[in-house]
Amino acid sequence: MRSIEKKPLPLISPLGRGAIRLLNHLGALSIFLVKSFFMIFQPKQLPLIIEQVYSIGARSAMIVALVGLFTGMVLGLQLFYTLVKFGSAGVLGSAVALSLVRELGPVLTAIMVTARAGSAMAAEIGSQRISEQIDALATMRIDPLRYLVSPRIAASMISFPLLTALFDIIGIIGGYITGVMLLGVNSGAYFYRVRSSVEMEDITSGFVKAVAFSVIVSTVCCFQGYFTHMQKDAYGAKAVGLSTTSAVVLSCVLILVGDYVVTSLLL
Amino acid sequence: MEQPLIEFRGVTKRFNNHTVLDQVDLQIYEGEVATIVGKSGSGKSVLLKHIVGLLQPDKGAILFGGKSIYKMGKKEWNRYISGVSYMFQNNALFDSMTVFDNIALPLRQTTNLDRKAIEERVRLRLEQMELGEVEKKYPSELSGGMQKRVALSRALATDPKIVLFDEPTTGQDMIRRNAILSMIADYQKRFGFTAILISHDVPDVFFISSRILALSEGKIIFQGTPEEFETLQHPFQHEFVQSLEELQEHLTGIYSKRNFKVRYQKILSRERPQESFVAGLFTLDNFEGICKLLGHTTGQMVLESLGRYINKHFGAVGGFSARQSRSEFSIILPFSYLSEAEQILRDFSMELQEEGLRIIQTEARIYRDICFEFAILAGLAGGEFGAKEIDRIMDDARENQREVARVYCGERR
């Protein structure tokens, strides 16, 4: 009987390995999210969640407001000159508000919070991992997912929509500053357009996105920090650095991918 | 036969291709202080982490009360793990929390105690560990020794039944090392937990250990009492224990028990049989009371100072001394008769009462406003080289002990 030699196929094997790795990773991420999510409802979680709402939400408010203001101002500026070409500068309020509420608000808020709080989540949990603090929690019968991860996910789900709302309001004020105060659009027309064009559906879709991004950012950042010790070819502080970088990059990419998916589902 | 509380049966653990634990069999019994000794990197911490489930064996089983811990249901596992505490080698303190919060964390998260009860328990631990002044500080603001004590306080906060100490004395000076060991022994006695220690502090750790387990090249090569370990005929004994004991001798200035015996054997081989000598045993009475009231560090300071004082006095008349147990010192006066030695002891007693105790109190930083009565007991026994085992002569000396000096509080009675 002829023996069949098993030779690795040059192109298929690496692809297959990559696909298995990706599936493994996604599987681990999903289990991590589901377990952490259900732990939100366990006792003794409320003080931890409030603490994280302060850290993720309240402490990000300033930077979100600042970015919102300038985003609104730039939008007001750009859209004014575009709309003037079509003789419809009067609808500036609608253009600014809809852009902010539907797209820019949730996306830019999520990216800003990722940069400020998401990186901190990954770095903090990562350094707790390498200094055995997470092992210490486990030996004290404190589930690290319950104590470290689930309050961050819950706090993100509370904070992201609120920060998005703040971003939208400040952005609309930013558009008002450039459109009305600097470029001479009628003030009443600006706010009338904002009120008449923005519908509840737009606000809801913005909030749905904000919640989706909050889950993506908090899960990815906590996951990267939690498994810092499994980074390839990096240990200690270097591993924490790598985890933080990959948490931020992956979160930003997933925010944009998620934005497309959620938008296409909602429209 | 007594059932072990924790038992390893053929436990093997590999990391990549490196076998760290190789078919390890060991037994830990309830209420004992079991010390695991071994060279760095021999897998002691890995062994300990298996007990709390941080690592799982590739082969073999770990039994608790006869049942595999990996076959326990969730409730059973929770019950088991809630009785186990682990003190990490690098302390693993939460650096973003104050000392108080670090100790309170397991109580807040795993018990239903109210705020006041938690506060009381934490403050009690802080007091016991002499950490009262640093409760609002963060771990990074503390010295290495203090961080160790915070970690120890946290490990004991929930009154566990089994406490695992992963090198609790690393990076400590001699006094602190002995204070921590003394503290462990004291708490173990008071609360009755089973202590499993990893330590390099030979021979100091022997004074508090009921059993020694020696780990070498991934295998348990010895399990038994400290006395049995001292007579172990194995290359490990020579390489590991001797080198550490020599270092110990430089640190304390007096002989370790083992070197004391070696010196005794040397004299024995030089002298003619029937040449007489006198052995003496000094005990710091109520040592545990000193530790309880003035702290373990002060207790160790008193002990160290007393040891130095005895060594100085009897060394001047040709004797040599050693630490016999936690609170005992032994001396040998070669070529002496009991009557001569009694006179030397009387002189020593007077000197100790008149100025020695004051020196000891000053060196141990016991200030005048704090007074604690304690006594020093001494007993002598005559012997002839070759006639009796030294341990039996020491037992005779112990039987002959009487009070030779005392610190009085208030008026002298």
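FYI, side chains are in, hydrogens and waters are out, and symmetry mates aren't considered; it's all heavy atoms of this structure. To find a chain, count down the sequence lines: A is the first, B the second, and so on, and within it residues start at 1.
- Side-chain atoms of B/E135 never come within 3.5 Å of backbone atoms of B/R123 as a donor-acceptor pair (strictly under, hydrogens ignored).
- Nearest heavy atom pair, residue B/P168 against residue B/I184, reads CG-CD1, 3.9 Å.
- In terms of modelled atom types and a separation under 3.5 Å, the side chain of A/S246 and the main chain of A/S243 share a donor-acceptor contact.
- The two atoms that bring A/L100 and A/D168 nearest to each other are O-OD1, 3.3 Å, heavy atoms only.
- The aromatic rings of A/F32 and A/F223 lie perpendicular to each other, with more than 60° between the two planes, well past the 30° mark.
- In this structure, B/R121 does not pair ionically with B/E119, as no charged nitrogen and carboxylate oxygen lie closer than 4.0 Å.
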After noting the C-alpha distance and the side-chain angles of B/I162 and B/L5, does the key distance pass the side chain to side chain contact (heavy atoms under 4.5 Å, CB included) rule?
CA-CA 10 Å; B/I162 303 168; B/L5 184 67; 3.8 Å; yes
B/V24 vs B/T12, side chain to side chain contact (heavy atoms under 4.5 Å, CB included): CA-CA, chis, key distance, verdict:
CA-CA 7 Å; B/V24 167; B/T12 299; over 6 Å; no
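- Taking OG1 of B/T111 as the reference point, atom CG of B/D159 lies at 10.5 Å (rounded to 0.5 Å).
- B/A195 and B/Q188 make their closest contact through CB-CG, 4.3 Å (heavy atoms, listed as atom of the first residue, atom of the second, distance).
- Under a 4.0 Å N-O distance rule, the pair B/K71/B/E76 does not qualify as a salt bridge.
- Here the straight-line distance linking atom CG of B/L213 with atom CD1 of B/I36 works out to 6.0 Å at 0.5 Å rounding.
- By a heavy-atom distance cut of under 4.5 Å, not one residue of residues 16-27 of chain A is near chain B.
- Interface residues of residues 79-100 of chain B toward chain A, defined by a heavy-atom distance below 4.5 Å and sorted by number: B/I81, B/S82, B/V84, B/Y86, B/F88, B/N90, B/A92, B/L93, B/F94, B/D95, B/M97.
- Within 6.0 Å of atom CG in B/N112, 12 or fewer heavy atoms from other residues, nucleotides or ligands are found, so the atom counts as exposed in its surroundings.
- Residues of residues 137-167 of chain A lying under 4.5 angstrom from chain B, judged on non-hydrogen atoms, are A/L137, A/A138, A/T139, A/M140, A/R141, A/I142, A/R146, A/Y147 in numerical order.
- For the pair B/R211 and B/Y29, the cation-pi criterion (under 6.0 Å, within 45° of the ring axis) is not fulfilled.
- In terms of heavy-atom proximity, A/G118 sits nearest to A/V217 at CA-CG1, 4.5 Å.
- At a heavy-atom separation below 4.5 angstrom, chain B is approached by A/K44, A/L48 within residues 33-58 of chain A.
- Note that CD1 of B/I196 and CG of B/D166 are 11.5 Å apart. Values are rounded to the nearest 0.5 Å.
- Only the side chain of B/R154 has a heavy atom closer than 4.5 Å to any heavy atom of chain A.
- Salt-bridge check for B/R14 with B/D22: failed, with every basic side-chain N at 4.0 Å or more from each acidic carboxylate O.
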